[in-house]
There are 2 protein chains.
Amino acid sequence: MEIEILVVTHGRIAEELINTLKIIMGPAPALDFFPVRKDLPAEQIKKDYKRLTGTILQKKALLILTDLLGGTPTNISMPLLEKDNVEIITGVNLPMLIKAVHKRKSVKNVKKLAEILETAGKKSVLNCRDYIDRY
Amino acid sequence: MEIEILVVTHGRIAEELINTLKIIMGPAPALDFFPVRKDLPAEQIKKDYKRLTGTILQKKALLILTDLLGGTPTNISMPLLEKDNVEIITGVNLPMLIKAVHKRKSVKNVKKLAEILETAGKKSVLNCRDYIDRY
């Protein structure tokens, strides 16, 4: 089953991560974002999000990348974990997103892809002084 | 010595991370961003960045948070590690930025602050299914 990647964050963080990804990697299909806008009522956001994810899940598995544990983007995603073909990784950053788009070409199982991204995301956070001291 | 936090990324990622931080935490002093714009020549970017960081370093220590190891925002920051009062953490995400602004209130040493953020950044990347299974 094809895996859709959906980046869900406060405001325009998700959109800007994807803009940069496309500059670096070129066009990426089955990659979308959902902005949680502070000017919209919570009920409207939940309704829009349910509609979007429902449409995706008719045909695809879904990997959701969110910004912050405990934040609205993660909270509205959590109920989707009742489904077997949805996984959520929180703490999204640019290297995690690049890895997600790259690894999805070979890893077709969404649970396995999520495991890879958790590890890759953690590894991508580096103290650059320690890094250059190694060489 | 006061610590300035500078978020340096491709395009508008840094600006959007800071916009969201301010919605969550309120106004944050000594926090700025530098966008690496693809429409500007590399020499112009380096010159602007050198001027900005030079001004900051006249009075403050500097903690730089960048998006991606090997990307231009990190590459233009690396030479600043020649100075003792500069540290760089790459792989910036929203929880890392929130932790940086919060911890800076009590941690006044930039090296110590960088160590805390590397750990916090790694911990903030989570597989949400594993997380809910723990409870």
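Below, read A as the first sequence line, B as the second, and so on, with proteins coming before strands; counting in each chain starts at 1.
If you measure heavy-atom distances from S77(B) to chain A, you find no contacts under 4.5 Å at all. Heavy atoms of I88(A) lying under 4.5 Å from chain B belong to its backbone as well as its side chain. In this structure, the portions of I13(B) lying under 4.5 Å from any heavy atom of chain A include both its backbone and its side chain. In this structure, chain A has a heavy atom under 4.5 Å from the side chain of K111(B), while its backbone stays farther away. Using a 4.5 Å cut-off between heavy atoms, L81(B) contacts chain A through both its backbone and its side chain. Residue contact with chain B, scored on non-hydrogen atoms closer than 4.5 Å, involves the side chain of T74(A) exclusively. For I64(B), no part lies under 4.5 angstrom from a heavy atom of chain A. Contacts between N19(A) and chain B at a heavy-atom distance below 4.5 Å are absent for every atom of the residue.
By the neighbour-count criterion of 12 heavy atoms within 6.0 Å, atom CD of E82(B) is sparsely surrounded, having that number or fewer from other residues, nucleotides or ligands. D133(A) CG: more than 12 foreign heavy atoms inside a 6.0 Å radius.
Heavy-atom pairs under 4.5 Å with chain B peak, among P95(A), A14(A), G71(A), at P95(A). Between chain B and the options R12(A), E115(A), K123(A), heavy-atom pairs under 4.5 Å are most frequent for R12(A). No other option in D67(A), L126(A), D130(A) has as many heavy-atom pairs under 4.5 Å with chain B as L126(A). Of the listed residues T20(A), N127(A), L94(A), the one with more heavy-atom pairs under 4.5 angstrom with chain B than any other is N127(A). Listed options L17(A), I89(A), T119(A), L117(A) were ranked by heavy-atom pairs under 4.5 angstrom with chain B; first place goes to I89(A). By number of non-hydrogen pairs under 4.5 angstrom with chain A, the leading residue of R129(B), E118(B), E15(B), M96(B) is R129(B).
Side-chain contact check for I132(A) versus M78(B): some heavy-atom pair is nearer than 4.5 Å. In this structure, V125(B) and T90(A) have side chains that are not in contact, with every pair of non-hydrogen atoms separated by 4.5 Å or more. Proximity of I23(B) to H10(A): side-chain heavy atoms (C-beta onward) are nowhere separated by under 4.5 Å.
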Evaluate the criterion side-chain contact (heavy atoms from CB on, under 4.5 Å) for residue pair L68(B) and I24(A); output intermediate values, then yes/no. CA-CA 11 Å; L68(B) 179 71; I24(A) 294 172; 4.1 Å; yes

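Between the SG atom of C128(B) and the CD atom of E87(A) there is a distance of 9.5 Å, given to the nearest 0.5 Å.
Using modelled atom types, no side-chain atom of N93(A) and backbone atom of V92(B) make a donor-acceptor pair closer than 3.5 Å.
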